[in-house]
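Here is the structure we will look at, set down as structure tokens.
All values below were derived from every heavy atom in this structure, side-chain atoms included, with hydrogens, water molecules and symmetry-related copies excluded. Keep in mind the model is a prediction, meaning the values are calculated, not measured. Residue numbers start at 1 and run along the sequence shown.
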Amino acid sequence: MLGIIDYWRKMFDYKGKSGRKNFWLGSIANALILYAVFYILSYILAFIGGFFDADVATVENFFVFLFVIEFIFYFLASLSAIVRRLRDAGFSPWWIIGWFFPGVNIVVLVFLFFKSKETAMLHA
């Protein structure tokens, strides 16, 4: 639960660190929440649109608008979480730029699985 809360509470915190467990729990849980809200919104808007006999294009445009707003918040929270996780794993936060390039994003994804730098040093 802490991973989910930290994910949103530290949405604009690009200077801290995020442990591997909290990062992955928060990422997976919030991705599931994003998809759940997407489907719930689509059913609610379809019901409301059908109930009020609204134009289909109007309902679709409103749905797309709401989803884009939701996705922007999720995207910003994800970027800050990835930066914090990269820092915690001992990598430069500038690797976040590689997240936007095919091939390089696989490397960044692998970096996110590394142990925390302090933890790795304690066990060495």
So L112 and F23, do their side chains get closer than 4.5 Å, heavy atoms only? yes

Looking at side-chain heavy atoms only, is the closest gap between F62 and L66 below 4.5 Å?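 Yes; the side chains approach each other to less than 4.5 Å.
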
Sorted by chain and residue number, the ring pair (Phe, Tyr, Trp, His ring centres under 6.0 Å) partners of Y14 (sequence neighbours excluded) come out as none

Results of ring pair (Phe, Tyr, Trp, His ring centres under 6.0 Å) for W95 - residues two or more places apart only: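 Partners of W95 by the ring pair (Phe, Tyr, Trp, His ring centres under 6.0 Å) criterion, ordered by chain and then number, come out as F111.
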
Using a 3.5 Å cut-off and no angle test, enumerate the donor-acceptor pairs between side-chain atoms of residues 68-79 and protein atoms at least two apart in sequence or in another chain.
{"residue": "S78", "atom": "OG", "partner": "Y7", "partner atom": "OH", "Å": "2.7"}
{"residue": "S78", "atom": "OG", "partner": "Y74", "partner atom": "O", "Å": "2.9"}

Same cluster for I106 and V83 if Ile/Leu/Val/Met/Phe/Trp/Tyr side chains link at under 4.5 Å? no

Is there a chain of hydrophobic side chains (I, L, V, M, F, W, Y, each step under 4.5 Å between heavy atoms) that links I97 to V104?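 Hydrophobic grouping puts I97 with V104.
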
On a heavy-atom basis, which atom in S116 and which in G19 lie closest, and how many Å separate them?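 Shortest heavy-atom separation between S116 and G19 comes out as OG-CA, 4.4 Å.
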
Can you list, by chain and residue number, the hydrophobic cluster partners of I28 when the side-chain cut-off is 4.5 Å?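 Listed partners: L32.
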
For R84, what residues pass the salt bridge (charged side-chain N to carboxylate O under 4.0 Å, His left out) criterion, not counting sequence neighbours? none

Straight-line distance of [X] [atom1] to [Y] [atom2], nearest 0.5 Å:
X   : Y    : atom1 : atom2 : value
I96 : I82  : CD1   : CD1   : 4.5 Å
W99 : L109 : CH2   : CG    : 5.0 Å
S92 : R87  : OG    : CZ    : 8.5 Å

Counting only heavy atoms from other residues, nucleotides and ligands, does the tally under 6.0 Å from CZ of F63 exceed 12?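 Correct, the count exceeds 12.
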
Within 6.0 angstrom of Y35 OH, more than 12 heavy atoms from elsewhere: no

Taking salt bridge (charged side-chain N to carboxylate O under 4.0 Å, His left out) as the cut-off, I'd like each qualifying pair that reaches into residues 26-45, sequence neighbours left out, listed once. none

Under 3.5 Å: donor-acceptor pair, side chain of R20, backbone of F113: yes

Between R85 (side chain) and K17 (backbone), is there a donor-acceptor pair under 3.5 Å?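 Not a single qualifying donor-acceptor pair exists.
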
Test item: side-chain donor near acceptor, D13 and S80, under 3.5 Å: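 The answer is no; no qualifying pair exists.
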
Could you tell me how the ring of F38 sits relative to the ring of F67: parallel (under 30°), tilted (30 to 60°) or perpendicular (over 60°)?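 Answer is perpendicular, since the angle exceeds 60°.
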
Taking side-chain contact (heavy atoms from CB on, under 4.5 Å) as the test, write out the residues that go with I33, two or more places apart.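 Once residues adjacent in sequence are excluded, the partners of I33 under the side-chain contact (heavy atoms from CB on, under 4.5 Å) criterion are N30, V37.
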
